[in-house]
Amino acid sequence: MSVLVIGGGGREHAICHTLAKSPKVDKIYCLPGNAGIAQIAECHPIGAMDFDRILAFVADHPDIDLTVVAPDDPLAAGLVDLLQERGYRAFGPRAAAAIIEASKAFSKALMRKYGIPTADYREFGDYASLCAYLETAEYPLVVKADGLALGKGVVICQTREEGLQAARDMMVDKKFASAGNKVIVEEFMVGPEVSVLCFTDGKTVVPMVASQDHKRAFDNDQGLNTGGMGTFAPSKIYTPQLAAQVYDTIIVPTVEAMRSEGREFRGVLYFGLMLTDKGVRVLEYNARFGDPETQVVLPLLESDLYDIFQAVIDGTLDRCPIRWSDDACVCVILASGGYPQSYRKGVPIEIGQTDADIMLFHAGTAMQDGKLVTSGGRVIGVTARGKDIDAARDKAYRNVQNVRFDGMFYRSDIGIKR
Ligand code: AMP
Ligand code: GLY
């Protein structure tokens with residue numbers, strides 16, 4: 001069987017790497033992929049939002065029996081719907097369910113209606129009432145664009161000026177285009193964050209190993225927010241007792257709420273949780289595998305990912321045993337100097353001899369004149385497994401030394417916080 005994966009970052013590299021272990025998968029295609037993915041999959045330069053060419057590609061390749069849609073944009077825009085309507089098997093939520101990530105107004109209203117714990121909030125559809133509220137509100141608070149904004153649509157505001165600036169950026173200057181047509185203003189919360197990704201076929205829901213991300217650019221959580229500078233799994237603060245409580249009060253109620261709304265969710269549902277002193281709260285939902293969480297979660301999977309994808313599509317997840325290793329995994333992101341703001345692309349990358357079992361998940365790489373070069377802000381995630389976090393971290397950092405490019409930087413404290 002052949003599998004097609006849509007997307008081209010570190011997450012998709014980890015998905016392809018895991019699918020390649022399945023004895024049932026003979027060949028993997030990836031659109032558009034990247035230079036690392038091209039070592040294990042046949043990549044073609046077709047973007048994840050180029051639906052016409054994706055559909056033509058699937059029609060031209062009858063050996064493809066499963067298409068996995070990994071990124072948020074094509075899910076929200078209904079790529080899975082289009083594939084399924086044409087009779088192809090596709091993994092990922094349909095657009096009606098992917099809205100749980102694509103609209104914060106939707107997800108906040110869902111949580112309010114079904115009593116799922118989250119930050120208190122208000123929704124605004126016009127600039128004047130948003131400003132009137134921000135003039136007199138208490139700070140800090142959080143201003144969020146309703147729609148998909150490449151992870152940049154969340155602004156933590158310490159002062160009224162910052163709040164009004166965020167409102168202007170979103171609703172007047174349209175910094176996030178139509179994603180800012182509605183704005184959510186949320187209570188500011190504090191506490192450690194944990195990411196819990198779950199497989200669900202709309203009825204059965206199976207959490208994966210919990211992980212933690214490091215979002216700021218520099219050590220000790222300094223610098224700007226990024227897409228994620230490194231991850232580790234499992235999370236120690238997400239104890240079995242807490243996991244059981246979250247399963248009963250957040251995870252199952254969310255899956256049931258979506259079904260009650262006629263928006264059955266089949267795919268990976270990602271719960272971004274904050275452990276506040278008032279209890280666990282949902283920060284956000286994603287309708288997909290997280291990036292770079294996937295890079296530390298999937299290497300711990302001991303079952304066949306291809307079988308799991310099929311069971312999710314068929315609604316037979318209750319009969320699909322899913323096993324995890326007791327090991328730990330750490331991923332250190334190597335980024336381009338200047339990221340998350342402006343940075344150079346096309347910088348040559350040198351990779352020396354790494355340990356045999358190290359996983360170099362490429363995020364922003366390309367081949368140029370036969371040479372490996374950078375093509376994004378996050379370039380490679382150096383990922384190691386070990387018997388515990390300390391062992392995995394030591395190994396990851398030892399192997400970071402074998403990768404070099406001009407301007408490369410990384411955090412040296414991934415996996416130290418607990
Ligand atoms: P989101 O995309 O909604 O998860 O927000 C991105 C990041 O902003 C989160 O991972 C948190 O670090 C932070 N954040 C979001 N909402 C809040 C909140 N209500 N209070 C404090 N921090 C938040
Ligand atoms: N790491 C957060 C995300 O994938 O949205």
Side-chain angles (χ1 to χ4, degrees), residues 91-93 97-101 106-119 189 191-213 231-261 263-290 293-294 296-303 305 307-309 311-329 389 418:
F91 177 86
I99 193 174
I100 198 167
E101 171 174 7
F106 172 84
S107 65
K108 295 300 287 189
L110 185 85
M111 288 187 267
R112 188 171 270 173
K113 178 170 171 187
Y114 291 90
I116 296 164
T118 187
M189 306 186 293
E193 293 179 35
V194 178
S195 305
V196 182
L197 287 60
C198 300
F199 294 110
T200 178
D201 61 6
K203 301 180 292 287
T204 303
V205 52
V206 183
M208 304 183 213
V209 176
S211 56
Q212 286 176 246
D213 194 359
T231 36
F232 65 92
S235 162
K236 286 277 174 293
I237 53 174
Y238 196 68
T239 60
Q241 295 86 320
L242 190 55
Q245 181 211 323
V246 168
Y247 186 78
D248 291 340
T249 60
I250 293 177
I251 294 176
V252 170
T254 301
V255 170
E256 285 177 353
M258 290 298 278
R259 213 171 56 233
S260 305
E261 295 291 311
R263 296 174 182 274
E264 187 176 75
F265 191 103
R266 291 190 183 202
V268 170
L269 185 51
Y270 165 129
F271 295 80
L273 305 174
M274 187 176 264
L275 315 187
T276 76
D277 55 13
K278 293 193 207 119
V280 184
R281 301 280 184 269
V282 176
L283 275 175
E284 64 164 342
Y285 294 114
N286 291 326
R288 53 173 174 82
F289 281 105
E293 286 90 341
T294 306
V296 289
V297 171
L298 285 185
L300 300 176
L301 177 66
E302 290 192 334
S303 306
L305 184 61
D307 286 341
I308 299 172
F309 285 162
V312 165
I313 294 172
D314 290 333
T316 55
L317 200 55
D318 59 335
R319 279 168 272 152
C320 180
I322 300 181
R323 284 175 292 105
W324 298 94
S325 158
D326 291 331
D327 279 1
C329 206
I389 299 276
R418 291 295 153 88

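Residue numbers run from 1 in the order of the sequence given.
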Does any N or O in the side chain of [X] come within less than 3.5 Å of the main-chain N or O of [Y], such that one atom is a donor and the other an acceptor?
X	Y	answer
Thr276	Val280	no
Arg288	Gly92	no
Asp201	Lys203	yes
Tyr247	Val205	yes
Thr316	Arg319	no
Ser107	Glu101	no

[X] versus [Y], closest heavy-atom pair with distance:
X	Y	value
Trp324	Val297	CZ3-O, 3.4 Å
Arg281	Ala119	CD-N, 4.4 Å
Thr118	Lys108	OG1-NZ, 2.9 Å

(message) Return the OG to CE distance between Ser195 and Met208, rounded to the nearest 0.5 Å.
(response) 11.5 Å
(request) Using the test side-chain contact (heavy atoms from CB on, under 4.5 Å), find all partners of Pro93 that sit at least two apart in sequence or belong to another chain. (result) Leu75, Ala97, Ala98, Phe265, Ala287
(message) Is a donor from one side chain sitting under 3.5 angstrom from an acceptor on the other, for Ser235 and Gln212?
(response) yes
(message) Please determine whether ring-ring contact (aromatic ring centres under 6.0 Å, His included) holds for the pair Tyr285 and Tyr270, giving the CA-CA distance in whole Å, both sets of side-chain angles, and the decisive distance to 0.1 Å.
(response) CA-CA 6 Å; Tyr285 294 114; Tyr270 165 129; 9.5 Å; no
Taking side chain as C-beta onward, heavy atoms only, is [X] less than 4.5 Å from [Y]?
X	Y	value
Ile100	Arg263	no
Val246	Phe271	no
Leu301	Ile308	yes

